[in-house]
Amino acid sequence: MGIKINMLDILISQSVIVKIKLVNYVLYIIKQTWRFLMNHSNTLSKSFLYSIIIIVLGSISSFLVPIFSNMSIKDIYSSLSLPAISPPNWIFGPVWIILYILLGIYLANSNKHNVKLNWLMYIQLILNFIWTPIFFGTGNYLLASIIIVLMDVFTLIIFYKDRSNHKYLLLPYIVWILFATYLTISVFIMN
């Protein structure tokens, strides 16, 4: 009697490992963010305000989807042909809240003297907020792919040009939007 290794068992075990690593990474980011906030408590209220504004704007962009499509994001996502590596629908809300908080903290602590960099960040955020209604609301996956590639480029430029330590708050965002780029272009190709 030999041991049969089912490919599904291997995929499930790899999926569990990925989920554990994701949870550990999220906990690490939360811990680092907490340390940062405690060391910079004078900017805490400004960081909180920026984070709330970004969360509200991100939520508004999600609430616009049913206006354009008469469907919820959940229903649209479940109806798409997705690539092999794609997250479950439930992960998007918690991830975006964490990312929006990090973006708020970054903006609250960004160098106000670097006007070009700040404007690039604001343009990138506008693209972020319009991506959701374009992708989910209109189903224009080509335009959504172009927008997210621009988001990637702008965010990477910001990260490269920013000389402060605050730029490291952008790393989880960069990783996520690069992954979202893979998903967006895959959906464009597959649908």
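Computation of the quantities below employed the complete heavy-atom set of this structure, encompassing side-chain atoms and omitting hydrogens, waters and symmetry-equivalent molecules.
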### Task
For side-chain contact (heavy atoms from CB on, under 4.5 Å), just list the numbers for Leu125 and Leu107, CA-CA rounded to whole Å, side-chain angles, deciding distance to a tenth of an Å, and then say yes or no.
CA-CA 11 Å; Leu125 279 172; Leu107 282 171; 3.4 Å; yes

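Residues Leu102 and Leu170 are not in side-chain contact: their nearest non-hydrogen atoms beyond the backbone lie 4.5 Å or more apart. Using a 4.5 Å heavy-atom cutoff, the side chains of Ile73 and Ser62 are in contact. The shortest distance between side-chain heavy atoms of Ile134 and Phe68 does not fall below 4.5 Å. Counting heavy atoms from C-beta outward, Leu103 and Tyr50 have side chains that stay 4.5 Å or more apart.
Between Ile146 atom CD1 and Ile185 atom CD1 the span is 10.0 Å, to the nearest 0.5 Å. Interatomic distance, Ile174 CD1 to Lys167 NZ, rounded to the nearest 0.5 Å: 9.0 Å. The distance from the CG atom of Leu178 to the CE atom of Met151 is 10.0 Å, given to the nearest 0.5 Å. Taking CD1 of Ile55 as the start and CD1 of Ile101 as the end, the distance is 4.5 Å to the nearest 0.5 Å. With values rounded to the nearest 0.5 angstrom, Leu117 atom CG is found 8.5 Å from Lys161 atom NZ. To the nearest 0.5 angstrom, Ile53 atom CD1 is 10.5 Å from Phe48 atom CZ.
When every heavy atom of Ile91 is checked against every heavy atom of Pro94, the shortest pair comes out as O-CD, 3.4 Å. Closest non-hydrogen pair, Pro172 versus Leu99, comes out as C-CD2, 3.6 Å. What you find for Ala144 and Thr184 is that their closest heavy atoms are C-CG2, 3.8 Å. Between Pro83 and Tyr182 the shortest heavy-atom distance is CB-OH, 3.1 Å. Taking all atoms of both residues into account, the shortest heavy-atom contact from Gly104 to Ser51 is CA-OG, 3.5 Å. The shortest heavy-atom contact between Ser78 and Asp75 is OG-O, 3.0 Å.
A donor-acceptor pair shorter than 3.5 Å can be found between the side chains of Asn128 and Tyr100.
Between Tyr106 and Tyr173, the ring centre distance reaches or exceeds 6.0 Å.
Ile76 and Trp90 fall within the same hydrophobic cluster, defined by Ile, Leu, Val, Met, Phe, Trp and Tyr side-chain heavy atoms under 4.5 Å apart, directly or through other members. Hydrophobic clustering, with ILVMFWY side chains joined whenever heavy atoms are under 4.5 angstrom apart, keeps Leu80 apart from Met190. A single hydrophobic cluster is not seen to contain both Phe63 and Phe92; linkage of ILVMFWY side chains at heavy-atom distances under 4.5 Å, directly or through other members, places them apart.
Ile52 CD1: more than 12 foreign heavy atoms inside a 6.0 Å radius.
The backbone N or O of Gly58 lies less than 3.5 Å from a partner atom in the side chain of Ser61, making a donor-acceptor pair. Between the side chain of Asp162 and the backbone N or O of Ile158 there is no donor-acceptor pair closer than 3.5 Å. The backbone N or O of Asp152 sits nowhere less than 3.5 Å from a side-chain atom of Thr155 that would complete a donor-acceptor pair. In this structure, the side chain of Asn191 engages the main chain of Ser81 through a donor-acceptor pair within 3.5 Å.
Using cut-offs of 30° and 60° on the angle between ring planes, the pair Phe135 and Tyr141 is tilted. In this pair, Phe136 and Trp131 present their aromatic rings perpendicular. The plane angle is above 60°, beyond the 30 to 60° band.
Under the side chain to side chain contact (heavy atoms under 4.5 Å, CB included) test applied with Phe179, the options Thr181, Val175, Ile177, Leu183 reduce to a single match, Leu183.
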